[in-house]
K.L.:
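Handing you this structure, nothing more for now.
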Amino acid sequence: MNKTPFYITTAISYVNGVPHLGHAYEIILTDVMARFKRLDNHDVYFLTGTDEHGEKVAKTAEKNGVTPKEFADKNAATFIKMTETLNISNDDFIRTTQPHHHLAAQAMWEKLHANGDIYLGKYEGWYSVREEAYFTEDELITVPETKERITPNGTEAVWVEEESYFFKLSKYTDILLKFYENNPDFIQPSTRRNEIISFVKQGLKDLSISRHKDRLSWGIPVPNDENHVMYVWLDALTNYLTGIGFPDEASETYKKYWPANYHVIGKDITRFHAIYWPAFLLAAQIETPKTIWAHGFINVHGQKMSKSIGNVLSPDGLVETYGLDQIRYFLMREIPHGQDGNFGHEQAINRINADLANGLGNLAQRTLSMIYKNCDQQIPDHGDFTESDKALLDNVYTLMLKNVRIVMNDFKVHRALEEIWRVVGDANAYIDEQAPWALRKQNPERMKTVLYVLSDVIRCLAIIIQPVVPQSAQSMLDQLKISADERDFAMISSDYAMKPGTDIDKPQGVFPRLTVEEAAA
RNA sequence: GGGCCUGUAGCUCAGUUGGUUAGAGCAGUCCGCUCAUAACGGAUUGGUCGCUGGUUCAAGUCCGGCCAGGCCUACCA
């Protein structure tokens, strides 16, 4: 069977800090799409990693009295650990400090150079030593008496000039505008696309892509110039190529997976991905990725996450409090696609209990319990299906997956879950309508058919929720004795329906109900 | 200042190219059920679709203005 290649990435995390809820959200979102496509007959490659060079890392390392490499190693480890904690199915974890990435970034540089898009110039501007940042002319206030330039934060800015290599980004202003026009799906959602287009329309300035070694040595050396290291964005963005074999453009993985289907990123770094990246690639004569997907941010109890407020949530803590699949589900269900969302304890408890414990979890538990107790601990045989049976099954076999695919194509995971939970509701309504507990005495054969139908509905639900709650779905499928090779979306069909006579074990609830005490934790 | 986005029931969200009495889930209320994780089902309360003009036979859906919230406006990533 020929599978369609599908390459998806997260942004690489900057190792100046440690993982928080925002990182968790991005990587879970990407993981869900990767798993979804794998189950839907795609050959998926999923890349994530860390961005480790640059001034901030060098400075922070110095403050901590360690080398940049030691510091990066330490923090990169926390991001690697997060992929394990969150059960992320990435195929590789790239670190920009890896030797093969250095080769890739340098190869990228050479390509830009060969295309005539790199030149040595001077980077000049107003720099605040205190704030370690450059400011544009119009951001500064001139003190009339002294003619001193003051930043909005009140620190002094001085004019500095520094030798630097530049990328001829200005040359790409019109080319990019045309590119966006011809590739309307390149930047999503559209609000981000609009922002980028209006930004580019103002005209692009050339981009400084190196730093002199005297100022910054923690980076990838510029080819053929010992005195410079590459500036981080050219370095960082190239990771998407490195991860699949670049600069070996003849490699199997590179040929198969490039161009990427999705770069999933936070909305704050849209510009780098939607302007610099395609410009670099066009200059290097490499194909551009299909879509830059910019997600929103998550507020905590209505407030921006920040160290000063002290409301920064750690992935570990969240998993501890709510459970891994629970937190995955909450984030995917409650954060609308591409928009900012909110995280609240009460909100999380409500959502998790209502949908997972009371909804799907209870549906599986009540059904399997009845089968276990009333059908000799095995999947019952069934008689002819009634109209109600057929309606429910047909809905599950055809409509559910179809609708879910449609919304997942737009990366609307929260809508996909809504579609799936509609079926959970249907199934619970079906049980009450059929009342198998009453049939037990009146019509045991009919009871068996009803329970059989339900078992197959649960099978299909468990299959389709695998991307979002992989462990719990696995537990459900294990309890139904579905073999590992019968868990693809292609098996959501009557052709793979439950086999009567299959022995089952004593059922165990997959989604425990969270108590109020846990909410207070 | 310029540009973009959002504003639909208490809460979180759906509402295709404008077309019958505006939907779902959660929360609330009432009734039912007892297989199940005191879970489930049914019914029901609740909205002048931010405000205001206009286009149209017809607007949550198009256009103008206003109000509120948010975001972008280049080298920290």
Side-chain angles (χ1 to χ4, degrees), chain A residues 11-17 51 53-57 59 123 125 131-136 138-139 164 166-167 169 189-209 211 231-233 236 266-272 275-276 296-297 299 304 333-342 344 346-347 350-351 353-359 361-374 407 412 414-415 417-419 421-422 424-425 427-440 447 450-451 454 507-514:
Chain A
I12 48 177
S13 307
Y14 200 55
V15 294
N16 193 37
D51 180 14
H53 297 301
E55 203 172 326
K56 275 196 177 177
V57 167
K59 286 252 167 74
Y123 182 64
E131 295 181 52
E132 296 173 9
Y134 281 92
F135 291 85
T136 58
D138 56 344
E139 282 177 309
S164 163
F166 282 84
F167 171 73
L169 186 62
S190 57
T191 168
R192 301 274 95 87
R193 174 184 146 83
N194 294 343
E195 277 174 17
I196 291 298
I197 289 176
S198 70
F199 179 81
V200 174
K201 274 187 178 162
Q202 295 169 22
L204 296 170
K205 288 193 263 183
D206 287 349
L207 183 71
S208 166
I209 52 167
R211 288 287 184 272
Y231 179 59
V232 286
W233 276 110
K267 65 179 183 182
D268 54 330
I269 54 173
T270 310
R271 185 196 311 149
F272 310 106
I275 298 175
Y276 299 175
F297 289 160
N299 294 320
K304 209 181 230 180
R333 177 62 244 247
E334 202 85 355
I335 314 295
H337 89 295
Q339 289 174 245
D340 287 354
N342 186 54
E346 215 173 298
Q347 202 182 342
N350 278 346
R351 185 54 94 173
N353 280 342
D355 292 0
L356 295 181
N358 300 349
N362 187 237
L363 170 69
Q365 184 65 12
R366 66 199 298 209
T367 301
L368 292 180
S369 285
M370 285 205 78
I371 291 174
Y372 187 78
K373 287 177 187 164
N374 303 305
V407 291
K412 293 181 178 173
H414 73 300
R415 294 275 295 106
L417 292 172
E418 201 179 321
E419 292 295 335
W421 255 261
R422 188 166 301 161
V424 173
N428 269 325
Y430 171 86
I431 300 191
D432 265 52
E433 203 177 281
Q434 302 298 327
W437 48 89
L439 292 169
R440 187 174 52 176
M447 175 197 73
V450 167
L451 294 176
L454 285 164
Q508 294 195 319
V510 282
F511 297 113
R513 200 179 152 76
L514 300 183

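To find a chain, count down the sequence lines: A is the first, B the second, and so on, and within it residues start at 1.
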K.L.:
What nucleic acid atoms does R192(A) come within less than 4.0 Å of, heavy atoms only: base, sugar-phosphate, or nothing?
P.N.:
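Contact class for R192(A): sugar-phosphate only.
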K.L.:
Checking side chain to side chain contact (heavy atoms under 4.5 Å, CB included) for the pair V450(A)/L439(A): CA distance, chi angles, key distance, verdict?
P.N.:
CA-CA 9 Å; V450(A) 167; L439(A) 292 169; 4.0 Å; yes
K.L.:
If you compare every side-chain N and O of Y276(A) against the phosphate oxygens of A74(B) (OP1, OP2), does one of them come in below 4.0 Å?
P.N.:
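Y276(A) to A74(B) OP1/OP2: no side-chain N or O under 4.0 Å.
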K.L.:
Nearest of C13(B), U12(B), A77(B) to any side-chain atom of I269(A)?
P.N.:
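The answer is A77(B), which lies nearest to the side chain.
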K.L.:
Going through the checks in order, is the side chain to side chain contact (heavy atoms under 4.5 Å, CB included) test met by Y430(A) and L454(A)?
P.N.:
CA-CA 9 Å; Y430(A) 171 86; L454(A) 285 164; 3.6 Å; yes
K.L.:
Taking the C1' atom of each, how far is G47(B) from G23(B), in whole Å?
P.N.:
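Result for the C1' pair: 11 Å, nearest Å.
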K.L.:
Taking only the side-chain heavy atoms of E418(A) (C-beta and beyond), determine which of C33(B), G3(B), C13(B) contains the nearest atom.
P.N.:
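That would be C13(B).
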K.L.:
Between G359(A) and N428(A), which heavy-atom pair has the shortest distance, and what is it?
P.N.:
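Answer, listing the atom of G359(A) first, then N428(A): O-ND2, 3.8 Å.
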K.L.:
Could you tell me whether R333(A) contacts a base, only the sugar-phosphate backbone, or nothing, with contacts defined as non-hydrogen atoms closer than 4.0 Å?
P.N.:
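If one applies the 4.0 Å heavy-atom cut-off, R333(A) turns out to touch nothing in the nucleic acid.
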K.L.:
Among the candidates C35(B), C71(B), A77(B), find the nucleotide nearest to the side-chain atoms of K267(A).
P.N.:
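Closest of the options to the side chain of K267(A): C71(B).
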K.L.:
Determine the contact category for K373(A): base if any of its heavy atoms lies under 4.0 Å from a base atom, sugar-phosphate if only primed atoms, P, OP1 or OP2 are that close, otherwise nothing.
P.N.:
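Sugar-phosphate: the residue K373(A), judged by heavy atoms under 4.0 Å, touches backbone atoms but no base.
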K.L.:
Quick one: which of A39(B), A14(B), C71(B) gets closest to the side chain of H414(A)?
P.N.:
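From the listed options, A14(B) comes nearest.
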K.L.:
How is V510(A) classified with respect to the nucleic acid when contacts are heavy atoms under 4.0 Å: base, sugar-phosphate, or nothing?
P.N.:
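The residue V510(A) makes base contact.
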K.L.:
Can you check the distance between A22(B) and C35(B), where both ends of the measurement are the P atom (answer in whole Å)?
P.N.:
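Result for the P pair: 41 Å, nearest Å.
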K.L.:
Do NZ/NE/NH1/NH2 and the carboxylate oxygens of K267(A) and E195(A) come within less than 4.0 Å?
P.N.:
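Judged by the 4.0 Å cut-off on N to carboxylate O distance, K267(A) and E195(A) do not form a salt bridge.
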K.L.:
Considering every strand and a 4.0 Å limit on heavy-atom distances, what is the contact class for F199(A): base, sugar-phosphate, or nothing?
P.N.:
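It contacts base atoms.
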K.L.:
Using whole Å, report how far CG of D432(A) lies from P of C33(B).
P.N.:
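Interatomic distance, CG of D432(A) to P of C33(B): 11 Å.
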K.L.:
Students often get this wrong, so: under 4.0 angstrom with heavy atoms, is P336(A) touching a base, only sugar-phosphate, or nothing?
P.N.:
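Result for P336(A) = sugar-phosphate.
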K.L.:
How far, in whole Å, is G10(B) from U52(B) if one measures between their C1' atoms?
P.N.:
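U52(B) and G10(B) have their C1' atoms separated by 27 Å.
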K.L.:
From C-beta outward on L207(A), which listed nucleotide comes closest to its side chain: C71(B), C75(B), A77(B)?
P.N.:
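So the nucleotide nearest the side chain must be C75(B).
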K.L.:
Across all strands, who's sitting opposite G10(B) as a Watson-Crick or G-U wobble pair, both distances under 3.5 Å?
P.N.:
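Check on G10(B): paired to C26(B), both distances under 3.5 Å.
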K.L.:
Given C5(B), A77(B), G25(B), which nucleotide is nearest the side-chain atoms of T191(A)?
P.N.:
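For the T191(A) side chain, the nearest candidate turns out to be C5(B).
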K.L.:
What about the rings of W233(A) and Y276(A), do their centers lie closer together than 6.0 Å?
P.N.:
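No.
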K.L.:
Starting at CG of N353(A) and ending at C1' of U37(B), how long is that distance when rounded to a whole Å?
P.N.:
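Between C1' of U37(B) and CG of N353(A): 9 Å.
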K.L.:
Base, sugar-phosphate, or nothing: which does D268(A) touch, judged by heavy atoms less than 4.0 Å apart?
P.N.:
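Base contact - D268(A) has a heavy atom under 4.0 Å of at least one base atom.
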K.L.:
Output yes when at least one side-chain N/O atom of R513(A) is less than 4.0 Å from OP1 or OP2 of A39(B), else no.
P.N.:
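Looking at the OP1 and OP2 atoms of A39(B), one of them is under 4.0 Å from a side-chain N or O of R513(A).
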K.L.:
Any base atoms under 4.0 Å from I275(A), or only sugar-phosphate, or nothing? Heavy atoms, all strands.
P.N.:
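It contacts nothing in the nucleic acid.
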K.L.:
Step by step, work out the side chain to side chain contact (heavy atoms under 4.5 Å, CB included) result for D206(A) and F167(A).
P.N.:
CA-CA 6 Å; D206(A) 287 349; F167(A) 171 73; over 6 Å; no
K.L.:
The side chain of N362(A) lies closest to which of these nucleotides: G42(B), C72(B), A39(B)?
P.N.:
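Nucleotide nearest to N362(A)'s side chain: A39(B).
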K.L.:
Which listed nucleotide (C13(B), A74(B), G15(B)) is nearest to the side chain of K205(A)?
P.N.:
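Out of C13(B), A74(B), G15(B), the nucleotide with an atom closest to K205(A)'s side chain is A74(B).
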K.L.:
What nucleotide, of U37(B), G41(B), C13(B), holds the atom closest to the side chain of A357(A)?
P.N.:
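So the side chain of A357(A) is nearest to U37(B).
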K.L.:
Do R513(A) and N362(A) get their side chains close enough for a donor-acceptor pair, meaning under 3.5 Å?
P.N.:
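Checked: R513(A)/N362(A) side chains show no N/O donor-acceptor pair below 3.5 Å.
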K.L.:
NA contact type, S208(A), heavy-atom cut-off 4.0 Å: base, sugar-phosphate, or nothing?
P.N.:
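Counting heavy atoms under 4.0 Å across all strands, the contact made by S208(A) includes a base.
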K.L.:
Answer with base, sugar-phosphate or nothing: what part of the nucleic acid does G344(A) contact at a heavy-atom distance below 4.0 Å?
P.N.:
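Result for G344(A) = nothing.
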K.L.:
What's R211(A) touching, base or sugar-phosphate or nothing? Going by heavy atoms closer than 4.0 Å.
P.N.:
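If one applies the 4.0 Å heavy-atom cut-off, R211(A) turns out to touch the sugar-phosphate alone, with no base involved.
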K.L.:
Report the distance from atom CZ of R193(A) to atom C1' of C5(B), rounded to the nearest whole Å.
P.N.:
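So the two atoms are 15 Å apart, to the nearest Å.
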K.L.:
Categorize Q202(A) for me: base, sugar-phosphate, or nothing, with a 4.0 angstrom heavy-atom threshold over every strand shown.
P.N.:
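Sugar-phosphate only.
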K.L.:
Would you indicate which nucleotide in A74(B), U37(B), A77(B) comes nearest to any side-chain atom of F511(A)?
P.N.:
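From the listed options, U37(B) comes nearest.
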K.L.:
Where is the tightest heavy-atom contact between S164(A) and Y123(A), given as atom of each residue plus distance?
P.N.:
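Looking at all heavy atoms of both residues, the closest pair is CB-CB, 3.9 Å.
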K.L.:
When both hydrogen-bonding distances must be under 3.5 Å and the geometry is Watson-Crick or G-U wobble, what is C40(B) paired with, if anything?
P.N.:
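Here C40(B) is engaged in a pair, and the nucleotide opposite it is G32(B).
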K.L.:
Using a heavy-atom cut-off of 4.0 Å across all strands, would you classify G54(A) as base, sugar-phosphate, or nothing?
P.N.:
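Here G54(A) touches no strand at all.
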K.L.:
When both hydrogen-bonding distances must be under 3.5 Å and the geometry is Watson-Crick or G-U wobble, what is G46(B) paired with, if anything?
P.N.:
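Across any shown strand, G46(B) pairs with none.
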K.L.:
So D206(A), base contact, sugar-phosphate only, or nothing? Heavy-atom distance under 4.0 Å.
P.N.:
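D206(A): base contact, heavy atoms under 4.0 Å.
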K.L.:
With both distances under 3.5 Å as the test, what is the Watson-Crick or G-U wobble partner of C4(B)?
P.N.:
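Its partner is G70(B) (Watson-Crick or G-U wobble, both distances under 3.5 Å).
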K.L.:
Both distances under 3.5 Å, Watson-Crick or G-U wobble: report the partner of G53(B), or none.
P.N.:
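Base partner found: C63(B).
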